[in-house]
Amino acid sequence: MIDERGVLLEERLSVYLMLLKITPNLKGYTYMKECAKQIFVDSTKKFNIQEKLYKDVGEMYNEKSTIIERSLRHAIDASLNRDGIKDFEKFMKMEFYNEKPSPRELLCVLVERAMVESNKMLANKSNIYKRWNELLLK
């Protein structure tokens, strides 16, 4: 069975990365999604990002952790050049601490926002089902 929360997370991450103008043709896109998913599953990885998170993602894709980090930084640079960071900040009504966010900062924001959105969507869905059942039972 497909985990509904995982599907919603994947969808939200894709939307946010497109809003950031980080396109799927960049390796950083794939690595950023995977890093975000792993932080979602185990939030302690955000505290040990280089030794744990990049290493785990690197093992998945048979890459060195330095390549993972460089790809993420390249994706952030591409986003900055395309004004994706500014668009993301406007859409989310927030600002990053620096003009150019670190991979860790961006990943943490992506995961936090995706979690909040996913929880809202699931809550709405359960409310809709409750209302639907109430109407059917009348």
Side-chain angles (χ1 to χ4, degrees):
M1 184 173 165
I2 297 172
D3 179 30
E4 220 173 338
R5 202 164 202 203
V7 170
L8 290 174
L9 175 72
E10 181 92 24
E11 178 187 311
R12 292 286 93 203
L13 289 173
S14 295
V15 168
Y16 295 155
L17 290 173
M18 289 299 171
L19 188 60
L20 282 162
K21 298 179 183 169
I22 297 174
T23 53
N25 65 318
L26 298 173
K27 280 186 180 181
Y29 176 90
T30 306
Y31 298 153
M32 200 164 292
K33 277 179 88 169
E34 188 55 43
C35 286
K37 285 188 232 173
Q38 288 197 19
I39 291 173
F40 180 79
V41 172
D42 181 8
S43 62
T44 61
K45 286 187 178 184
K46 68 183 171 189
F47 300 115
N48 199 0
I49 205 159
Q50 287 182 324
E51 287 102 35
K52 188 72 178 142
L53 183 64
Y54 293 162
K55 184 181 173 197
D56 290 350
V57 173
E59 286 174 4
M60 267 183 88
Y61 291 97
N62 203 19
E63 289 283 0
K64 293 181 182 176
S65 60
T66 54
I67 301 294
I68 303 298
E69 183 177 17
R70 191 178 332 144
S71 297
L72 293 178
R73 289 190 184 280
H74 175 70
I76 291 170
D77 286 340
S79 178
L80 269 173
N81 292 338
R82 300 171 183 165
D83 288 332
I85 299 288
K86 289 179 185 175
D87 292 347
F88 185 78
E89 288 175 332
K90 283 180 191 175
F91 183 78
M92 293 294 175
K93 297 180 177 93
M94 52 87 62
E95 285 186 23
F96 289 106
Y97 184 72
N98 294 317
E99 185 179 326
K100 178 182 174 183
S102 67
R104 178 182 178 182
E105 184 181 9
L106 184 58
L107 284 168
C108 289
V109 167
L110 287 175
V111 171
E112 193 64 32
R113 294 292 176 144
M115 281 175 32
V116 168
E117 291 273 326
S118 299
N119 289 339
K120 280 183 186 177
M121 292 169 108
L122 287 173
N124 272 346
K125 184 178 177 184
S126 66
N127 287 339
I128 290 169
Y129 283 142
K130 283 179 190 175
R131 297 275 297 147
W132 183 254
N133 284 332
E134 288 172 6
L135 291 172
L136 287 176
L137 294 175
K138 285 185 179 182

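Nothing fancy with the numbering, it's 1 onward along the sequence.
Residues Leu110 and Ile39 are not in side-chain contact: their nearest non-hydrogen atoms beyond the backbone lie 4.5 Å or more apart. No side-chain heavy atom of Val15 sits less than 4.5 Å from a side-chain heavy atom of Glu117. Using a 4.5 Å cut-off on side-chain heavy atoms (C-beta onward), Arg113 and Val116 make no contact. Counting heavy atoms from C-beta outward, Asp87 and Leu20 have side chains that stay 4.5 Å or more apart. Here the side chains of Glu34 and Ile68 are not in contact, with every heavy-atom distance at 4.5 Å or above. Residues Ser71 and Leu26 fail the side-chain proximity criterion, which asks for heavy atoms closer than 4.5 Å. Using a 4.5 Å cut-off on side-chain heavy atoms (C-beta onward), Leu106 and Leu72 make no contact. Side-chain contact between Lys100 and Asp77: present, with at least one pair of heavy atoms (C-beta onward) separated by less than 4.5 Å.
Scanning all heavy atoms of the two residues, the minimum distance from Cys35 to Val57 falls at SG-CG2, 3.7 Å. Between Lys33 and Leu13, the shortest heavy-atom distance links the atoms O-CD1, 4.0 Å. Nearest heavy atom pair, residue Ile22 against residue Ser79, reads CG1-CB, 3.9 Å. Closest of all the heavy-atom pairs between Met32 and Leu17 is SD-CD2, 3.6 Å. Taking all atoms of both residues into account, the shortest heavy-atom contact from Gln50 to Ser65 is O-CB, 4.4 Å. Between Ala36 and Val111, the shortest heavy-atom distance links the atoms O-CG2, 3.4 Å.
Pairs engaging residues 21-54 under the ring-ring contact (aromatic ring centres under 6.0 Å, His included) rule: Tyr31-Tyr61 [sequence neighbours left out].
Around atom CG of Asn81, more than 12 heavy atoms belonging to other residues, nucleotides or ligands sit under 6.0 Å away. Within 6.0 Å of atom NZ in Lys52, 12 or fewer heavy atoms from other residues, nucleotides or ligands are found, so the atom counts as exposed in its surroundings. Glu112 CD: 12 or fewer foreign heavy atoms inside a 6.0 Å radius. Within a 6.0 Å radius of CD in Glu59, other residues, nucleotides and ligands contribute more than 12 heavy atoms.
Atom CD of Glu89 sits about 9.0 Å away from atom NZ of Lys86, to the nearest 0.5 Å. The line from CG of Leu53 to NZ of Lys46 is 12.0 Å long, rounded to the nearest 0.5 Å. For the atom pair Glu69 CD and Ile49 CD1, the distance stands at 8.5 Å (nearest 0.5 Å). Rounding to the nearest 0.5 Å places OH of Tyr16 at 10.0 Å from CD of Glu11.
Between the Asp42 side chain and the Thr44 main chain, a donor and an acceptor come within less than 3.5 Å of each other. The backbone N or O of Phe96 lies less than 3.5 Å from no partner atom in the side chain of Glu105, so there is not a single donor-acceptor pair. Side chain of Ser14 to backbone of Glu10: a donor-acceptor contact under 3.5 angstrom is found.
Using a 4.0 Å cut-off between charged side-chain N and carboxylate O, Lys45 and Asp56 make a salt bridge. A salt bridge does not link Lys55 with Glu51: every distance from a Lys NZ or Arg NE/NH1/NH2 to an Asp or Glu carboxylate oxygen is 4.0 Å or more.
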Exercise for the section: For Val109 and Met92, run side-chain contact (heavy atoms from CB on, under 4.5 Å): C-alpha distance rounded to whole Å, both residues' side-chain angles, the deciding distance at 0.1 Å, then the answer. Expected result: CA-CA 10 Å; Val109 167; Met92 293 294 175; 5.9 Å; no
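When the side chains of ILVMFWY residues are joined at heavy-atom separations under 4.5 Å, either directly or via intervening members, Met94 and Met18 end up in a single hydrophobic cluster.
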